[in-house]
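Here's the structure, in C-alpha cells; my notes come after.
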Protein chains: 2
Amino acid sequence: MVTGGRVPVSPAPGVAARRQHLRVDGPRLLARIERLRAVGATPAGGVSRLAFTPDDTRGRELVASYLRAAGMGVEVDPAGNLIGRRLGARPDRPWLVLGSHLDTVPDGGPLDGAYGVLAAVEVAHVLAEHGVEMGFPVAVIGFMNEEGAFGTPGMWGSHAFAGQFDRTWLSGVDSRGEPVRDLLRAAGGDPGRVPRAAWPDGSVGAYLELHIEQGPVLETEGYPIGVVTAITGRVTIDVTVRGQANHAGTTPIALRRDALVAAAQFVLAVRDIAGEDGIVRVATVGCCTVEPDAWNVVPGLVRLRADLRDVAEESLDAAVEALRRVAEKIGAETGTVVELAPSQVVQPMACDGRLRRLISAASDALGLPYHHLPSGAGHDAQIVGRLAPMAMIFVPSQGGRSHVATESTAPEDIVAGANVLLHTVLGYDPEVMRGHQ
Amino acid sequence: MVTGGRVPVSPAPGVAARRQHLRVDGPRLLARIERLRAVGATPAGGVSRLAFTPDDTRGRELVASYLRAAGMGVEVDPAGNLIGRRLGARPDRPWLVLGSHLDTVPDGGPLDGAYGVLAAVEVAHVLAEHGVEMGFPVAVIGFMNEEGAFGTPGMWGSHAFAGQFDRTWLSGVDSRGEPVRDLLRAAGGDPGRVPRAAWPDGSVGAYLELHIEQGPVLETEGYPIGVVTAITGRVTIDVTVRGQANHAGTTPIALRRDALVAAAQFVLAVRDIAGEDGIVRVATVGCCTVEPDAWNVVPGLVRLRADLRDVAEESLDAAVEALRRVAEKIGAETGTVVELAPSQVVQPMACDGRLRRLISAASDALGLPYHHLPSGAGHDAQIVGRLAPMAMIFVPSQGGRSHVATESTAPEDIVAGANVLLHTVLGYDPEVMRGHQ
C-alpha cells in the first residue's frame, strides 16, 4: 500500500535489462477502469460523467488519489485540468506530458478518455514502483471538458494548456442556464486565472496520448496497436436546397423543382468524393430535414449538413471546391438553388514522426503488431500539438463503437496499449526531440 | 330580389336560341365567392373553414341562402351534406347532381371546393331566372368535410351520399378530443341516420363537379378549361431504410452501412419511375427523417414516404413492383435493408366519356379552348363515381397554387368555367346516359 506520495522501490539489477522487462500492472489498471466506470454509471450500462457535474468531480478526485498513489504531486490548474507531476532528477528539462480526458458524453462508455489517463497514471506508478529515474520531468494530465458538456466548448482544458483558450468561453451560461464561471469554480478551477493554465513555449518536450480508436479499422485489420499518423482536419458544410413546394398529385414531373431530388443527388456526390477513390478520407451527410415534410407535397426546402475529414488540408479545400461545382450543376439540372456554407473548419494535425518511430519501436519490442492510421475523431492531442510535438497510440474498439454504453476494448488490448505507452516513455530521450525529424 | 324560393321568369323567345345565349351572372358569382371567402378569413389572407367548425356552419348557412334565392328547396342530410333540389317537370327521372365541398384546409384558399358549389348554385339560379325547364330534377350539393378536418376521414359527405360511409368513422374523437358524433350533430347532421344519406342505385343519372385545377398544367399550356379524363389513383409507400449508425470521422467509407446514402438512391429511383418516360404519371418523396440526425454520425435509419399517382391501376402496381426490385438492389449494394410498406391505396376513377363529350361540346359552343388532363388531386367526384357516371371541369390555378392563401384563378376563368358547367347541364339528356358509352 502506498501513502504520502512515496512508492516502495524494488531492488535494481542492470538498468537496461530491468527496463526492458518492465510491464504495467494489468489487473490494477483494469480494476481502476472499472472503479472509475462506476462513477456516473447510468441504468443503461453507460457512463455519464459530463464535465462540471458532481460525478465528473468525483471521478477526478478518484484519479487524483491514483496520481498520489503513484508518488506524484497533484494539482488542479485554473482551467480545471487535473495534473500529476514527477519532477525526477532533471526538473530543468522540458516535460514529457501524458494525458487524455476524464469526462464523457451523456450515456457514453468507460474508455473514451478515461483509459488514456488511467494508463498514464499506471505508467507513472510502475516507473515509481520500480525506481526508474527518467532524465526529464513527467506530467500526467486529465484534461478538463474534452467533450464540450452542455454546449460549452470542447477540448476546453487542452486549449487552456496550449495557451489557446478563448476568454469569451467563460462568459454567459451553458445550455442549462448555469453560469460557466460558477461551474468552473465549483470544479476546482479559477476563472480569473485561466491564462495561467498555459504552459510556456519550450516547457513541453512532447505529448503522448493513448486512446481507444473509436472506429473499426484496428479490429477489422486485426492489429492490437495503432500508431496514429495524424488527427484529421474537418470541414462542416451546411447545405440549403431551395426548390418549390407544390401539390404532389397535380404538379407534373417536368414542372417540378423538387428540393429532395436535388438533395439526394448531393448526398450521393458527397459519398463520391470520399473513400479510396475519392478526394477526402471520409465524408458524411448526417443531417437532413425536409420542408414541409408532408407526404402529398413536393419538398420545397431541404437542409443537409455534410462533414468532410482528411489529414491533408489541401484535400479538404479541393473537396469543398468539387462540391461547389456539383451543387451548381445539380441546381441547374433540377431548377433548384443548392447553397453551401462551410463552417467549423478544424485544421489537420500531424503526429510527430520521431514520436511515431518511438511508438513503433516500443510495439516491436513488446511483439505487438501495429498499424499506421489517421484519427478520424478529434482529440486533446490536436490542440496540445500546437504547443509541442505530439503523438497518439490507439487500441481497438470492439465493433468500432464509442460514445455508447457498449463501448469496449478487450482486456489484453487495454493492457497492451498501456505497455506500449510505458515503453514509449522508456524509449523517450529529450535530446532526440531537439534534432531534425 | 328573390324570396320564398320563387324566381322571376323572363319572357321566353325560341327555346333553343334562348338556351344558346344563356350565361351565368359573372359579377354575382364573383361577389358571392368574395362573401364566402370572408367567412373564416384569416389574418394571413387565407380561409380557415374547417368542417364541423362554427365558421363552416356559417359558410353553409350563407350558401343555403343562395340556394333558396335560386328557388331550390334546401335541406341538410344526416351526414351533414347541404342539398338544394329543383324537381322540375320530370321528378321521376334520375337526378343530375352538381356539387363540390364548402370546407377548407387550415389557412386554405377561397376557391378549392367553394367555387364548384357556388358555380352550381349560379347555374341553378340562371336556369330559374330564365324559366328554363329541364327534363330531369337537378340537385346542388355542398359535400360535408371533404378535407378531413382534425384527423377525421376526408370526403366524408360524398362517402355517405354514395353509400360508402364507414360507420366506425362516427365513433371516437377527432384530433382535438371532440366526440365526432357531437360535431356532426352540431353541424346539422344526424349521427344515427347517416346511412339514410345514401342515394339509391339508379337515382343519380350523372354527377358534375367544377373545380380549380390545383396544378399548373392549364396555366402553363394556356387553356381556360380542363376536361378531366380521370381522377388519379394513389399509392402511398412507407419506406424504412435500416443501416448502421457510426462515427462519421472514424468509420471508413468501405465499412459503412449509410442509411441516407441508400435513401438518396431510392429518392432518385422514385423520380425515375415517374413522368413522360416513367411508369406512373407522378411520384414524389415528400417526407424524409434521419436518425440520429447528428452531423458527426453516419445515419443509421431513414424513413421516407413516397406518393405514386396514375389513372391506371396496373401502372401503380407495376411501379410498386419496380420499386421493390430497386429497393432490394440498393440494399444489397449499400449493406442496408430497404423495406417498402405500401398503404392508403386509392383506386383511380375514370370520368364518364359521354359527360366528357358534353363538356367539350359546351366549351366549343362558348368558344373556349379546352385541354384533356387527369386530376392529380382527390375529389368528391371519385367517391360519387362509385354510384353514378361522373365528370369534372377544371379551370386554371394561378401558379398552380392551392391549399394556400394565394390560391387564385382569374375572374374571367372563374366565369368561363361556370358557363361551361351551365352549358353542360343544358346539353345533358338523361336518355344519352342510358346508352352505351
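The figures here come from the full heavy-atom set of this structure, side chains too, leaving out hydrogens, waters and symmetry mates. The chains referred to below are lettered A, B, ... by the order of the sequence lines, with proteins before strands, and numbering in each begins at 1. Quantities reported herein were computed from a predicted structural model and do not represent experimental measurements.
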Exercise for review: Name the region of B:Leu255, side chain, backbone, both or neither, that has any atom closer than 4.5 Å to a heavy atom of chain A.
Suggested key: side chain

Just by distance, which donor-acceptor pairs between chain A and chain B come in under 3.5 Å?
| from | atom 1 | to | atom 2 | distance (Å) |
| --- | --- | --- | --- | --- |
| A:Gln214 | O | B:Thr250 | OG1 | 2.4 |
| A:Gly249 | O | B:Arg281 | NH1 | 3.4 |
| A:Gly249 | O | B:Arg281 | NH2 | 2.8 |
| A:Thr250 | OG1 | B:Gln214 | O | 2.4 |
| A:Arg256 | NH1 | B:Ala283 | O | 3.4 |
| A:Arg256 | NH1 | B:Thr284 | OG1 | 2.6 |
| A:Arg256 | NH2 | B:Thr284 | OG1 | 3.3 |
| A:Arg281 | NH1 | B:Gly249 | O | 3.4 |
| A:Arg281 | NH2 | B:Gly249 | O | 2.8 |
| A:Ala283 | O | B:Arg256 | NH1 | 3.3 |
| A:Thr284 | OG1 | B:Arg256 | NH1 | 2.6 |
| A:Thr284 | OG1 | B:Arg256 | NH2 | 3.3 |
| A:Cys288 | N | B:Asp293 | OD1 | 3.1 |
| A:Asp293 | OD1 | B:Cys288 | N | 3.1 |

**Study point:** Residue among A:Leu308, A:Val267, A:Val404 with most heavy-atom pairs under 4.5 Å to chain B
**Key:** A:Val267

Exercise for review: For A:Gly249 and B:Val282, work out which heavy atoms get closest and say how close.
Suggested key: O-CG2, 3.9 Å

Point to revise | Proximal component of A:Ala259, with respect to chain B [non-hydrogen, under 4.5 Å] | key: neither

**Study point:** B:Cys287 and A:Val290, any side-chain heavy atoms less than 4.5 Å apart
**Key:** no

Point to revise | Max heavy-atom pair count under 4.5 Å with chain A, selected residue of B:Gly300, B:Cys288, B:Ala263 | key: B:Cys288

Revision key, fill the gap. Of the listed A:Leu373, A:Val298, A:Ile253, A:Val285, the one with the largest count of heavy-atom pairs under 4.5 Å with chain B is A:Ile253

Check your understanding: Residues two or more places apart in sequence or in another chain: which of them pass side chain to side chain contact (heavy atoms under 4.5 Å, CB included) with A:Val297?
Key -> A:Ala245, A:Pro292, A:Ala294

Review point. Under a 4.5 Å cut-off applied to non-hydrogen side-chain atoms, are A:Leu268 and B:Leu268 in contact?
Key: yes

